[in-house]
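Below is one structure; the comments refer to it alone.
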Protein chains: 2
Amino acid sequence: MIAPPSATPVFQTIKDFLLREIQAGTWKEGDAIPSEAALAQQFNVSRMTVNRAVRELTSEQILNRIQGSGTYVAQQKYQATLVAIKSIADEIRSRGHAHRSELHELIEVEASESLAQQFQVEPGYRLFHSVIVHFENEIAIQVEDRWVNSALAQDYLSQDFASITPNEYLVAVAPLQGVDYSIEAVMPPKHIADMLHISNKEVCLVLHRKTRSQNQIATIVTMWHPGARYQFTGSF
Amino acid sequence: MIAPPSATPVFQTIKDFLLREIQAGTWKEGDAIPSEAALAQQFNVSRMTVNRAVRELTSEQILNRIQGSGTYVAQQKYQATLVAIKSIADEIRSRGHAHRSELHELIEVEASESLAQQFQVEPGYRLFHSVIVHFENEIAIQVEDRWVNSALAQDYLSQDFASITPNEYLVAVAPLQGVDYSIEAVMPPKHIADMLHISNKEVCLVLHRKTRSQNQIATIVTMWHPGARYQFTGSF
DNA sequence: GAGTGGTCTAGACCACAAT
DNA sequence: TTGTGGTCTAGACCACTCC
């Protein structure tokens, strides 16, 4: 049989059908849905077409498949809110505002006991340390305190961080493997408060992030934002 | 030709090949990669197999495809850090701790001017309002202040929020369409501080979330967490 | 052994872009 | 008109689960 011209592809029709039935409760979490063969017969299409529909729903975590056993409705997992945090320069630019950064420190250091532990290296290991303050329309909005694994970004010290952010440079040289992060609300130490031009009685919104690349810890960043004039926002 | 038994599927081999070449810089951002036909010939496989490899990389945002034109290397992945925020009950349970919640309010109200605006409805529209305090090992860790669109969750008032969280109920009745959120660090109003058993001099980490479902605003939540004992964490 | 999913083929027709 | 991707077929063999 030849594929008929149609507004929506058949595999999409099947996906929609399955989603609708799951939503309607025909099959509940953990239930098996009909086999590929059964669906192929029901829709009068080839098994490959059904396979694509079901495979895509599986990659979307709507279904689980077990070879030799069957296809099952996955557990609802919408309990999580995904928050995307963009790089500060992108964010400011996308608001149409002016971004400027001030380099406060850019040095090579030997890892202290505690840093070495966080980077999973020996004390004395070479690290780079940078401290940059980001301004939005000349108002300080982020202090970026960053430690960088020297092995993954040899040229870190010679970058011009007025024109490129550390993020942009690091993304280019060290493809991201994984990220650990935490967000907290804390009072800033005095030197951070000073750089943000706020009092150290004002709370900060802080993002900690540790990235892995090439099976090493690539960089550990702490980003301080004045709580009074900054929040993480976004949508999906 | 018959598919040979092999450790890794052919389409995966092709995906790996493409990823490696992109990583190596053979094709840079925006460059066209070889056509399906060319890859099929190069790997001596059918076009459908190549198609699957390329289609999956496209859904992973590694490639862009333009019908009639070609397949191109997508722009570098985001600088964005993705943060997943789980429901508080899940999170506490996954730490192996005891979760308990206290229902402080569960009523029907008519939307005020400002609420009506946020929900994009007329003032006077029926909304539900719940206030729940969540405890981890008997320590208050979240105040969940939630407004719910009555049209999307008619039975909201008759739920037993000791055994099911509002989230769990709402996920079941109103499939999620989209989310807006923001995270900020602020001082709590007194009634929130009281429920968390903290002073109103202690900062809170606050997550605001507005969800859409069936083309309406489904629910608007504000979650207050004591900054001293809570942070959002996770990894990818 | 029967049933399931996992993969692959060698064609086909279509829609669209570039020329 | 040529080349690209988008979709679909009607088979096939395989690995695995379950009985």
Side-chain angles (χ1 to χ4, degrees), chain A residues 1-19 21-22 26-27 29-75, chain B residues 1-19 21-22 26-27 29-75:
Chain A
M1 188 177 290
I2 293 165
S6 162
T8 61
V10 179
F11 78 87
Q12 186 61 54
T13 305
I14 298 175
K15 284 180 72 172
D16 292 343
F17 165 79
L18 293 172
L19 282 170
E21 294 296 301
I22 290 169
T26 307
W27 310 300
E29 293 181 12
D31 287 358
I33 70 167
S35 72
E36 290 192 356
L39 288 169
Q41 187 169 31
Q42 175 179 342
F43 284 89
N44 192 27
V45 297
S46 95
R47 205 192 117 202
M48 270 302 278
T49 302
V50 172
N51 179 271
R52 175 163 174 188
V54 177
R55 182 156 36 77
E56 290 193 0
L57 288 176
T58 302
S59 81
E60 292 163 26
Q61 318 246 319
I62 311 288
L63 299 172
N64 293 324
R65 315 199 79 180
I66 302 175
Q67 185 175 140
S69 172
T71 302
Y72 306 88
V73 179
Q75 304 304 309
Chain B
M1 187 178 291
I2 294 164
S6 161
T8 60
V10 179
F11 78 88
Q12 186 61 54
T13 306
I14 297 175
K15 285 181 72 171
D16 292 343
F17 165 77
L18 293 172
L19 282 170
E21 294 296 299
I22 289 170
T26 307
W27 309 300
E29 293 179 15
D31 287 357
I33 70 165
S35 71
E36 290 192 355
L39 288 168
Q41 188 170 30
Q42 175 178 344
F43 284 90
N44 193 26
V45 298
S46 96
R47 205 192 116 202
M48 271 302 278
T49 302
V50 173
N51 179 271
R52 174 163 177 188
V54 177
R55 183 155 35 78
E56 290 192 1
L57 288 176
T58 302
S59 83
E60 291 163 26
Q61 318 246 322
I62 311 288
L63 299 172
N64 294 324
R65 314 200 79 181
I66 301 175
Q67 186 175 139
S69 173
T71 302
Y72 305 89
V73 179
Q75 302 306 308

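Remember, it's a predicted structure, so these values are computed and weren't measured experimentally. Below, read A as the first sequence line, B as the second, and so on, with proteins coming before strands; counting in each chain starts at 1.
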Separation of [X] atom [atom1] from [N] atom [atom2], in whole Å?
X	N	atom1	atom2	answer
B/Ile14	C/dC8	CD1	P	8 Å
A/Leu63	C/dG6	CG	P	11 Å
A/Asp31	C/dT4	CG	C1'	17 Å
B/Arg55	D/dG6	CZ	C1'	9 Å
A/Gln41	D/dG11	CD	P	14 Å
B/Asn51	D/dT7	CG	C1'	8 Å
A/Lys15	D/dC8	NZ	P	12 Å
A/Arg47	D/dG11	CZ	P	14 Å

### Query
What pairs of residues pass the salt bridge (Lys or Arg N to Asp or Glu O under 4.0 Å) test when at least one of them lies in residues 63-72 of chain B, not counting sequence neighbours?
B/Glu36-B/Arg65
Check whether any side-chain nitrogen or oxygen of [X] sits under 4.0 Å from OP1 or OP2 of [N], and answer yes or no.
X	N	result
B/Arg65	D/dT4	no
B/Thr71	D/dG5	yes
B/Ser35	D/dT4	yes
B/Arg52	C/dT7	yes

For [X], which residues count as a side-chain hydrogen bond (donor to acceptor under 3.5 Å, both in side chains) partner, sequence neighbours excluded?
X	result
A/Gln41	none
A/Asp16	A/Gln12
B/Thr26	B/Glu21

### Query
With no hydrogens and no angle check, do the side chains of B/Asn51 and B/Arg55 hold a donor and an acceptor under 3.5 Å apart?
yes
### Summary
In DNA chain D, consecutive runs of at least three Watson-Crick or G-U pairs below 3.5 Å, as range with range, amount to C:1-18 with D:1-18
### Query
Who are the side-chain contact (heavy atoms from CB on, under 4.5 Å) partners of A/Thr49, not counting sequence neighbours?
A/Val10, A/Phe11, A/Ile14, A/Val45, A/Ser46
[X] side chain: which of [options] is closest?
X	options	answer
A/Glu36	D/dT9, C/dC8, C/dG5	C/dG5
A/Ser46	D/dT9, C/dA10, D/dT7	D/dT9
A/Pro9	D/dT7, C/dT7, D/dT9	D/dT7
A/Val10	C/dT9, D/dC13, D/dC8	D/dC8

### Summary
DNA chain D nearest-nucleotide lookup for B/Ala37 and A/Met48: closer to the 5′ end is B/Ala37
### Query
Roughly how far, to the nearest 0.5 Å, is OG1 of B/Thr71 from CG of B/Asn64?
9.0 Å
### Reported CG-to-CG distance for the pair A/Asn44 and A/Leu39, which is rounded to 0.5 angstrom
12.5 Å
Output one line per pair: protein atom, nucleotide atom from nucleotides 17-19 of chain C, and distance, for all N/O pairs under 3.5 Å.
residue, atom, partner, partner atom, Å
C/dA17, O4', B/Gly68, O, 3.3

## Note on the structure
So the ring-ring contact (aromatic ring centres under 6.0 Å, His included) pairs with at least one residue in residues 53-72 of chain A (sequence neighbours excluded) are none
### Query
Does any pair with a residue in residues 41-67 of chain A pass ring-ring contact (aromatic ring centres under 6.0 Å, His included), and if so which ones, sequence neighbours excluded?
A/Phe17-A/Phe43
### Query
Hey, does A/Val45 reach any base, or is it just sugar-phosphate, or nothing, if we go heavy atoms under 4.0 Å?
sugar-phosphate
